[in-house]
A.B. asks: 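Just passing along the structure, written as structure tokens.
Hydrogens, waters and symmetry mates play no part in the numbers below; they use all other heavy atoms, side chains included. Residue numbers start from 1 in every chain, and the chains themselves are labelled A, B, ... in the order their sequence lines are given, proteins ahead of strands.
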Amino acid sequence: MMNRMAFIKFRGNFTTNSSFLHSETPFSSFHLALHSDVSSNRSMLHKITNLNDALNLFDEMSQRRPLPSVVHFTQLLNAVTKMKHFTYALDLFNQMCSLGVPVNEFSMSIAIKCCCQLYRTKDGFALPGCCFRRAIPPNVYIYSALLDGLVLEDKILEAEMLFKKLVKQKLCEPNVVMYNTMIKGLCKFSNNVTAVALLRLMEQKNCKPSIVTYSTIIDSLCKDKLIDDAFKLFKEMLSDKGILPNVITYTSLIRGLCNLGRWDEASKLLKEMEDEKISPNVKTFTALVDAFCKEGKVEEAEAVINIMIERGEVPNIVTYSSLIDGYCLRGEMIKAREIFDSMTLRGLVPNVVTYSSLLNGYCKNLNIEKAEQMFREMSGKGLKPDVVTYSTMIQGLFQVGRCVDACKLFNEMHAQSLIPDQCTYRIMLDGLCNNHLVEDALSLFQLMGDSKLNSDIVVYTILIDGAGKCGKFHIARNLFHELIDNVMIGGFCREGQLGEAKLLFLKMEESGYPPNTVTYCIFLQGCLKNKRYDDVERLLQEMVDRGYSLDASTLSLFIDHIAAGLLDKSMLKLFNKLVPKEFLDDPSLCDWE
DNA sequence: TTAGGGTTAG
């Protein structure tokens, strides 16, 4: 079970083309275009498909007097952005400013988008200030670009705060794209409930949801295995709203069904989509390949690949990585290696995921030397092992009893500024316990600050089991009590039995198992969800006194309640002491008062 | 006469 947040997309670096001065394109044609009418200039801009042409055209444009209009510069800026050369686009934007081109909200929004795509959303936020100085009112395009940047960087709380601030202070009226961006962010964190609530809010505010809105939520529901809810929404979209599904909507649903092993329904849906004259694409086929491989059905997966090739679709790196997983799962490592090697012949360059798949295969088949070889090989190729690679390797080392090496690698991972996730901690704790190092496991458990990790029932099970096996029944019992209490309090809160929850909460202290940070978060969430606010402030103060902190989901709930005017703003002061610093590093976003 | 949103793997 992998945390969805761990799947941060790989960002490829582009290389600078050094043949800047040796371009084969005759620039005079672009030059001429600028003299002629606007429409032909536009068509010229459409023909620019490489960076050199664009940069040369920019040079030429900037030497002309009078300067071409901001519209022409913006078109060029956009062309560079579409090529994903964000650094160059930003550089051009700066040059535009130096040249005195009167930049407007169009060019500004492109510049902000570039900052955000480069994971420099903070710099993007500096630009609206620049907008004000230039008397450009930031509009819904600019704010949407910033919102998208926050979502891209997983700063979901800041994204929510920005969105609410925009609405509350009437800085702009969110449109369908802005709603979709916020919904995408919520879905990225599996907050489907709020995503659907936002969909309903859109309807209320007469902002028509689009196919993008529905597809985003449907995809998220499918990823969380809530396939029936996904189909409910699918039907609503089709029957009530008359919005037609496209290949993306179908692909999400087919993947959802396949991952649950509901093959018959998946194939029915595949047929339905073809009847609607919507052709499956590489991603649709890859979803099938992946699902077959996860069940070890590599023959079926290979058959799908053949069909897709017959249909003129080219399998990509994702398709083959899935196939490698399939063979690894069956222990057919020679075949897995063959697929890996054949990728290069097809012009596909294996990436971190591909390497990690094969490495995982070697670990699971207890060929640790080969796994270590892959680990070194990928570094040699300039690919940095990520959290998943490290976790896989650590697990492999524990499995062959090499605990010291496993711990070394865990430390090395820290040194590389990689943050261990839920999966890494489970592997570490399990590895230590299985190798009779329960004391070490317990100290590591104490060090795990994140309450999401601390409330992980799997983690508790590993530890209780480990402690029990080593005869440390006292420790096992303590852990068991902690777990049971947290589960019970959570259960009472869900059922609306706040009185029972509170009773148990108070009893914990008396019986020598004091509530931990997780217990507090669970109980506080219960109070908020049941609109019982009498104890909230006192509980927050207790948390401050005990040095505990609020986790992201509890904090997000608090923000919702404060924004809705259900809680006193004076509580915001307590948050400063209870919120991990990284959530509040941009004070401009937190001025609710 | 220039700007924004949704689907792929470990």
A.B. asks: Quick check on B:dG10: is either OP1 or OP2 less than 4.0 Å from any side-chain nitrogen or oxygen of A:Lys294?
C.D. replies: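 Looking at the OP1 and OP2 atoms of B:dG10, one of them is under 4.0 Å from a side-chain N or O of A:Lys294.
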A.B. asks: Hey, is the side chain of A:Ser215 pairing donor to acceptor with the base of B:dG6 inside 3.5 Å?
C.D. replies: yes
A.B. asks: Answer whether the closest heavy-atom distance between the side chains of A:Asp430 and A:Phe398 falls below 4.5 Å.
C.D. replies: no
A.B. asks: If the cut-off is 4.0 Å, is A:Lys184 near the phosphate of B:dG6, judged by side-chain N/O to OP1 or OP2?
C.D. replies: yes
A.B. asks: Answer yes or no: side-chain N or O of A:Asn180 and base N or O of B:dG4 forming a donor-acceptor pair under 3.5 Å.
C.D. replies: no
A.B. asks: Is there a salt bridge (Lys or Arg N to Asp or Glu O under 4.0 Å) between A:Glu203 and A:Arg200? Walk through the geometry before answering.
C.D. replies: CA-CA 5 Å; A:Glu203 292 161 345; A:Arg200 301 296 169 228; 3.2 Å; yes
A.B. asks: Under 4.0 Å between a side-chain N/O of A:Lys82 and OP1 or OP2 of B:dG4, yes or no?
C.D. replies: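 Looking at the OP1 and OP2 atoms of B:dG4, one of them is under 4.0 Å from a side-chain N or O of A:Lys82.
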A.B. asks: Side-chain N or O of A:Asn360 less than 4.0 angstrom from OP1 or OP2 on B:dG10?
C.D. replies: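 Answer is no, no contact under 4.0 Å.
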A.B. asks: Calculate the interatomic distance between A:Met202 atom CE and B:dG6 atom C1'; express it in whole Å.
C.D. replies: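 Computing the A:Met202:CE to B:dG6:C1' distance gives 12 Å.
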A.B. asks: Between the base of B:dA9 and the side chain of A:Ser322, is there a donor and acceptor pair under 3.5 angstrom?
C.D. replies: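 Flag unset: no donor-acceptor pair detected.
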A.B. asks: What integer distance in Å separates A:Ile394:CD1 from B:dG10:P?
C.D. replies: 19 Å
A.B. asks: Distance criterion of 3.5 Å, no angle test: do you see the side chain of A:Asn139 paired donor-to-acceptor with the base of B:dA3?
C.D. replies: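 Between B:dA3 and A:Asn139, which were checked side chain against base, a qualifying N/O pair under 3.5 Å is present.
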A.B. asks: Any N or O donor-acceptor pair linking the side chain of A:Ser210 to the base of B:dG6 at under 3.5 Å?
C.D. replies: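 When only heavy-atom distances are counted, A:Ser210 does not reach the base of B:dG6 through any donor-acceptor pair under 3.5 Å.
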A.B. asks: Would you please test A:Glu313 and A:Arg311 for salt bridge (Lys or Arg N to Asp or Glu O under 4.0 Å) and show each step?
C.D. replies: CA-CA 6 Å; A:Glu313 294 284 349; A:Arg311 295 254 204 128; over 6 Å; no
A.B. asks: Apply the test salt bridge (Lys or Arg N to Asp or Glu O under 4.0 Å) to residues A:Lys188 and A:Asp154: give CA-CA distance (whole Å), side-chain angles for both, the deciding distance (0.1 Å), then the verdict.
C.D. replies: CA-CA 8 Å; A:Lys188 201 171 169 187; A:Asp154 285 335; 2.9 Å; yes
A.B. asks: Can A:Tyr141 be called stacked on B:dA3 when the rule is centres closer than 5.5 Å and an angle between planes below 30°?
C.D. replies: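 A:Tyr141 ring centre within cut-off of B:dA3 base, planes near parallel; stacks.
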